[in-house]
Structure formats: structure tokens, C-alpha cells
Amino acid sequence: MTTMFARRSAVLLACAAFGFASTAYAQNKTIKIGVLNDMSSLYADIGGPNSVAAVKMAVEDSGLKAKGWTIDVLSGDHQNKPDIGVNIARQWIDADKVDAIADTPSSGVALAVSNLVKEKNAVLLNSGAATADLTGKACTPNTVSFTYDTYMLANGTGKALTKAGGDSWFFLTADYAFGHALERDTSSVVTATGGKVLGGVKHPLNTADFSSFLLQAQSSKAKIIGLANAGGDTTNAIKQAAEFGIVQGGQKLAALLLFINDVHSLGLKTAQGLTFTESFYWDLNDQTREWSKRFQKVSPKGAMPSMTVAGLYAEILHYLKAMDALGSNPHDGAKVVAKMKELPTDDPLFGKGPLRADGRRLIPAYLFEVKKPEESKGPWDYYKLVATIAPEDAAKPLEASDCPLVKK
């Protein structure tokens, strides 16, 4: 009896062990990605549901499902509030076992989530947040930024306009981490290029009435009014500047961060002549056109992709490529990011380019100007290319980086 009981116990233990091993193996082929962004407010058109659509496209295009991987995509609205963003990310990582947080427009949210991701050893795939601090003094082994940053914007638009004679500036700045970083980086470029910063004013996020801020900018007599904001804040400021006749009065608006969705909202009559910097435009080449037309079909509003949506697609593709190279999900964010930096990046939207030690991907940037209405050949034909900025000029040099991961 004792022997029979022992044999049965051994069989049950073996089956349990086999079941546990099978479950563990299955889990290693499972990935969860949480898309965390603004789903309902001033940045919703830039990313929002469009970002979710781009992530799902990347999952399908990666080919990992055919290799036996299970990939789930979650989404959450951080409402542009760091505490809400961190609470969602914590719930995802702790309870839902999410491996990577993606997108994170709003630099304040991104910086807070980056700290949490490092603590939990998950991954932050940033495409939406612009602050260069994510790959600078606040860099971590768990965060990568693919698409752009405030250094790129400053060295594109800021330098070009100053060299073209716009040598006096006044800033209208969104009063949070992104706006502060963009004003800081652009001011440095303006003064280094021989210009002067005459002053500035900070406005709350999601401002409806810019009249008092615009009057201060107008009275400064600065040649350039730098809009260190984004999304709805930028479009509202531009519309109200037109009402005040600021451009007609001889001052020029510099939209330091402008997206195609903003131009679409403004219309070419209002937006014409604006100069700005981006790293992606749907009509750049055959590959960007082909992908963008595919994306437009799955976009909830039939929109063309913004720069950050395109960057997120490319970033997710590379993340999944790293997972595939690892052979299974190690549930170790730092290890996955290290593999992402080891592998060469190559995608149809941005081409080839290294992912540096500081987590910044090197890609070209482009100085664009918004077309006049009569220059446009149809819907979404909004940009004309002014200049191409080499990848090594679009990102802060590593030797000047204050990222603790960079060895000097």
C-alpha cells in the first residue's frame, strides 16, 4: 500500500512539474504592451487611439504570432497627469504583468513613469515625450526614445530661423517639463548662433485663452515668437495670434513642435509659412507613403500618422525583434533594452540607425515649411522640405551627454 501510494504521488508530482514547466514556457512566449497616452485631451489627435492602432500594426507586421508568441496590447489615458500615469503603469506592471509601457506623450508623465519602470525592471518605449532629459540626466537602462527630442527641435527650427535673421526671441512656454526643456534647449541654440532671448511667459497646460500671453510677446518686439508648446496649445496660440495680427505686424511665429494633425486642424490658410522640425512625414518617399496609406485605413479618424505614431510603430517593431532574438521573454527590462541596443535598427519608416548607449535612436530630422493653399495637391499634402538634418546633428553628441550610462 505504501509503495503504491508513493508511486501515485510520484506520478502526480511529475505531472504537476510538467504542467508548471509548460506554463512557464508558455509565459515566456507572452508579451504585454501598455500604450499610455492622452486619449481625450489636447494631445489625443497626435497619438491617442492612433498610437494604439500603430502598435497593433507593428505586432502584426513583426511576424511573432506566427512563431508562437502571444502579444496583448492594453491602453490607458494618463490625462497628462504624472500621478495618474504612474498609477496606471504600476497597476499594469504589478497586476497585469505588462512588460513594456509605450508612447507616453507629456514629458512630466514620461519622466515619472521612467523612474517607475527602472524600479520595476520593465521597459519604457518612449515616442511621444520630447524632453531630452530622458536620454540625458534622467536616462536609465530601461528607457529608449526613438522619434525626437527637444535638442532636435531646437537645433532644427531654432538654429535655422536665427541664421535666417530671426535673431531676437520671445517664448510662449507650456508650464511643465516639456515646455521648460524646449525653451531651455532652444534658448541655448539661439544665443550660440548669435541671437538674443528678450523674454518669455509660461502658460498652463491646455490653455484656451492666449490673449494676455500674446500681448506680452507682441510688446516685446521680438522678431520670433517661439511656441514652446504642442498639440491644442500650439493650434490655439496660432489661431489667436492671427486674430491679433501678429504675423501681419512683422513678427514671425516659430512652432517649435508642430504635427501634421495640427496643420490639418488649422488649415493651410492659417498654417501656411510655418517652419518646424520633424523626423517623419508620410510623403517623404515610397516606403513612408505605402505604410502611411495602410495606417490611414486603420486610423479611427482616417488620419495620416503623426511623427510620434510612426516612431512608435518602428520602436515596437524593434522591441519585438529583440524579444525574438532573445528566444523568449526574460521578463527583465534592462536585458531586453540591452538587446535592443545591440541589434541594428532597420525599418521602412526611418531606415537604419544605431540605438545609442543613452537610449536615443539616431535618425535624420527634416526642416519643413507649411505649403500655401495653392501649393497643395490634395488632402494631407501640407509640407515642403526645406533642409535635411544629419542624424549626428539631430541628437546631442554622446561626448556632451550627461546620461550616467555613457562612458567618457
Below 3.5 Å, can you tabulate the donor-acceptor pairs from side chains in residues 124-132 to any protein atom, sequence neighbours excluded?
| residue | atom | partner | partner atom | Å |
| --- | --- | --- | --- | --- |
| Asn126 | OD1 | Thr104 | OG1 | 3.1 |
| Asn126 | OD1 | Gly128 | N | 3.4 |
| Asn126 | OD1 | Ala129 | N | 2.9 |
| Asn126 | ND2 | Ala129 | O | 3.1 |
| Asn126 | ND2 | Ser145 | OG | 3.0 |
| Ser127 | OG | Thr147 | OG1 | 2.6 |
| Ser127 | OG | Thr308 | O | 2.7 |
| Ser127 | OG | Leu312 | N | 3.3 |
| Thr131 | OG1 | Asp133 | N | 3.2 |

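Looking at Thr143 and Ser114, their side chains do bring a donor and an acceptor atom within 3.5 Å of each other. In the model, Thr288 has a side-chain atom that pairs as donor or acceptor with a side-chain atom of Asn285 under 3.5 Å. Side-chain polar atoms of Tyr313 and Asp61 form a donor-acceptor pair below 3.5 angstrom. Remark: the Asn28 side chain and the Ser328 side chain contain no N/O donor-acceptor pair separated by less than 3.5 Å. Looking only at atom types and distance, the side chain of Ser299 has a donor-acceptor partner in the side chain of Asn50 under 3.5 Å away. In the model, Asn206 has no side-chain atom that pairs as donor or acceptor with a side-chain atom of Asn80 under 3.5 Å. Between the side chains of Ser40 and Asp77, at least one donor N or O sits under 3.5 Å from an acceptor N or O.
A 4.5 Å side-chain heavy-atom check between Gln251 and Phe170 finds every atom pair outside the cut-off. Counting only heavy atoms from C-beta outward, the side chains of Val59 and Leu64 never approach each other to under 4.5 Å. Side-chain contact check for Phe146 versus Phe350: every heavy-atom pair is 4.5 Å or farther apart. At least one side-chain heavy atom of Leu205 sits less than 4.5 Å from a side-chain heavy atom of Tyr43. Side chains of Glu375 and Leu268 form no contact here, defined as non-hydrogen atoms less than 4.5 Å apart. Using a 4.5 Å cut-off on side-chain heavy atoms (C-beta onward), Lys32 and Trp92 make no contact. The side-chain heavy atoms of Pro373 and Gln272, taken from C-beta on, include a pair separated by under 4.5 Å. With contacts defined as side-chain heavy-atom distances shorter than 4.5 Å, the pair Leu257/Tyr148 qualifies.
Using a 4.0 Å cut-off between charged nitrogen and carboxylate oxygen, Arg289 and Asp283 count as a salt-bridge pair. Ion pairing between Arg356 and Asp358 holds under the 4.0 Å rule for side-chain N and carboxylate O. Using a 4.0 Å cut-off between charged nitrogen and carboxylate oxygen, Asp324 and Lys67 count as a salt-bridge pair. A salt bridge between Asp346 and Lys321 is absent, with no side-chain N of the basic residue lying under 4.0 Å from a carboxylate O of the acidic one. Look at Asp347 and Arg361 and you find a salt bridge, because one of the NZ, NE, NH1 or NH2 atoms lies within 4.0 Å of a carboxylate O, short of that distance.
The aromatic ring centroids of Phe276 and Tyr383 lie less than 6.0 Å from each other. Taking the six-membered ring wherever Trp is involved, the centroid distance between the rings of Phe295 and Trp282 does not fall below 6.0 Å. Aromatic rings from Tyr281 and Phe368 are positioned such that their centres are separated by under 6.0 Å.
With hydrogens and angles disregarded, no donor-acceptor distance shorter than 3.5 Å links the side chain of Lys223 to the backbone of Ser168. Of the possible polar contacts, one joining the Ser219 side chain to the Gln216 backbone as a donor-acceptor pair under 3.5 Å is found. Looking at Asn229, its side chain never comes within 3.5 Å of a backbone N or O of Gly179 through a donor-acceptor pair. Checking side-chain atoms of His203 against main-chain N and O of Phe210 turns up no donor-acceptor pair under 3.5 Å. Within the 3.5 Å criterion, the main-chain N or O of Val98 finds no donor-acceptor partner in the side chain of Asp96. Within the 3.5 Å criterion, the main-chain N or O of Gly327 finds a donor-acceptor partner in the side chain of Lys29. Judged purely by atom type and a 3.5 angstrom limit, Ser41 has no side-chain atom pairing as donor or acceptor with the backbone of Gln79. In this structure, Thr191 contributes its side chain and Ser188 its backbone to a donor-acceptor pair below 3.5 Å.
Shown here is Lys301, whose NZ atom has no more than 12 heavy atoms of other residues, nucleotides or ligands within 6.0 Å. Atom NZ of Lys56 has 12 or fewer neighbouring heavy atoms from other residues, nucleotides or ligands inside a 6.0 Å radius. With a 6.0 Å radius and a threshold of 12 heavy atoms from other residues, nucleotides or ligands, Lys81 has its NZ atom at or below the threshold. In Lys118, the NZ atom is not crowded: 12 or fewer heavy atoms of neighbouring residues, nucleotides or ligands sit closer than 6.0 Å.
For the atom pair CG (Asn115) and CG (Asn142), the distance works out to 10.5 Å, reported to the nearest 0.5 Å.
Ring orientation note: the planes of Tyr382 and His264 are tilted relative to one another, at an angle of 30° to 60°.
A disulfide (SG to SG under 2.5 Å) check over residues 43-139, counting only residues at least two apart or in different chains, returns the pairs Cys139-Cys403. The salt bridge (Lys or Arg N to Asp or Glu O under 4.0 Å) pairs that include a residue from residues 102-117 number zero, where partners must be two or more places apart or lie in different chains.
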Working for salt bridge (charged side-chain N to carboxylate O under 4.0 Å, His left out), residues Asp393 and Lys159: CA-CA 11 Å; Asp393 294 327; Lys159 185 179 289 186; over 6 Å; no
Step by step, would you call Leu326 with Lys335 a side chain to side chain contact (heavy atoms under 4.5 Å, CB included)? CA-CA 9 Å; Leu326 288 167; Lys335 184 175 183 178; 4.2 Å; yes
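Heavy atoms only, all atoms of each residue included: Ile46 and Gly231 are closest at CD1-CA, 3.6 Å.
Checked options Thr173, Thr150, Asp175; the residue passing with His180 is Asp175 (criterion: side-chain hydrogen bond (donor to acceptor under 3.5 Å, both in side chains)).
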